[in-house]
Structures are given as C-alpha cells and as structure tokens.
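Read the structure below first, then the notes.
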Amino acid sequence: DAKTTQPPSMDCAEGRAANLPCNHSTISGNEYVYWYRQIHSQGPQYIIHGLKNNETNEMASLIITEDRKSSTLILPHATLRDTAVYYCIVRVYGGYQKVTFGIGTKLQVIP
Amino acid sequence: DTGVSQNPRHKITKRGQNVTFRCDPISEHNRLYWYRQTLGQGPEFLTYFQNEAQLEKSRLLSDRFSAERPKGSFSTLEIQRTEQGDSAMYLCASSQLAGDDNEQFFGPGTRLTVL
C-alpha cells in the first residue's frame, strides 16, 4: 500500500467546516483513497472513499487533486461528536486487503 | 444490533497468564481480520481469515498468539504466557467475500491490560 502523510492534530470550531488534508504522492493508478475515523475507545469507522472524482455522502466530502497526490476530507459542519482520529489510507479497491493505518490526524472540535 | 461484537470489552490479567478473546462478525461476512492497537498508534494488522481458513499472519503474531475461526463464523484470539508488551486494544473487523468492495466493519475492541 502507498504511504500517506497527515498532520498529527487539528482544531476546528463547532459548526465550521473541518478540512483534513492527506498527502499520498506515491499512490498507484489502481489505488483508492479511503478515510476512516476512530472515536475514543471505539473501533475505526469507514467514512468515504474515492478514486479520482470528488465524492460526497451523508458524513463527508472527499476532494482528490487532479494528480491524485493529495486529498482533503471535508466535514461540512463539525460537531463535538466529530472529535476523533481520522485516518487516510490508500489501497486497491475490492478483494482481500488488510488495512494499513498510520497515526492519523487527531481532530479536536472546539465549542 | 447486527454489527461486529467482541467480548470481553476489557481484560486485566497478570503476566504469564493465558487470555482468549472472541469476535462475532456480521453474519453474512466471510472475511475476518484481527488488528492490534497500542496507545497513540493506528491499528496494526495481525491476521486474516476467509471463512475458516487463516490466509495471512503478520510477523507481529508471535508463536504465543493463536487465532481460530473453526466454523467460519466467530473467531477467537488466544495469547499464551502474556507479557506486559501485549497490553493493547485488540480489534476485530469483518467484510463480505462477494461484491465489488470489501469494506471492513470494525468491532469495539477488547482492551487488554497485562500487569
């Protein structure tokens, strides 16, 4: 799996958009960008994934640059419950794939 | 709740004791994974089952660790002769075999403390 680089921590004011960056300059053509989050004392939770087009679901939006070397996860209106560690991962879509997690970004949503 | 369940949620043991954790995956999921997570780190892959077959083991899985999935449903992870370095959160995840994606659903984890 390609490696990713994320800032170790970020703060965001409640109600504002949280923009979490991720660099993945060695991503391969068949690798997707996945985002998970882990709320304290819980298992990781899938958020969203994409290949090259921007994606949106009920939880977040994923913006992938045209060269696919970086991406941004956007939580449009952060709440206190969004305080968590966010992991950016790149891997092949489908089939068996163990997930290789890094350290992630600790997002603190501030009241 | 039809999510992944793990038992126990917390386990405290003395060094040298054996411990066993159980994971019940989502019922239609054929793939099952075990991960270990230490404080401040992301989860690390330990082992993978497809149905009852253990298809991959990480180098992290020393000979004191053994995982089973006897009937292709629930799985157990046993640690023999526990050491203080085994203290961690042990996470189980499951995913479907068929279909285009293999999105993994994680359980809440078992937190092990070795005294």
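A note on names: the letters A, B, ... follow the listed sequences, proteins ahead of strands, and every chain is numbered from 1.
Ranked by heavy-atom pairs shorter than 4.5 Å toward chain B, the options A:S41, A:P44, A:P8 are led by A:P44.
Partners of A:Y32 under the ring-ring contact (aromatic ring centres under 6.0 Å, His included) rule, at least two apart in sequence or in another chain, are A:H49, A:Y93. Here B:R64 pairs with B:E83, B:D86 under the salt bridge (Lys or Arg N to Asp or Glu O under 4.0 Å) rule; sequence neighbours left out.
Counting heavy atoms of neighbouring residues, nucleotides and ligands inside a 6.0 Å radius, atom CG of A:L80 exceeds 12 of them. The neighbour count for A:I103 CD1, taken as heavy atoms of other residues, nucleotides or ligands under 6.0 Å away, does not exceed 12.
With a 4.5 Å cut-off on non-hydrogen atoms, B:P43 touches chain A through its backbone and its side chain both. If you measure heavy-atom distances from A:Q38 to chain B, the contacts under 4.5 Å come from the side chain alone. Only the side chain of B:Q37 comes within contact range of chain A, with at least one heavy atom under 4.5 Å from a heavy atom of that chain.
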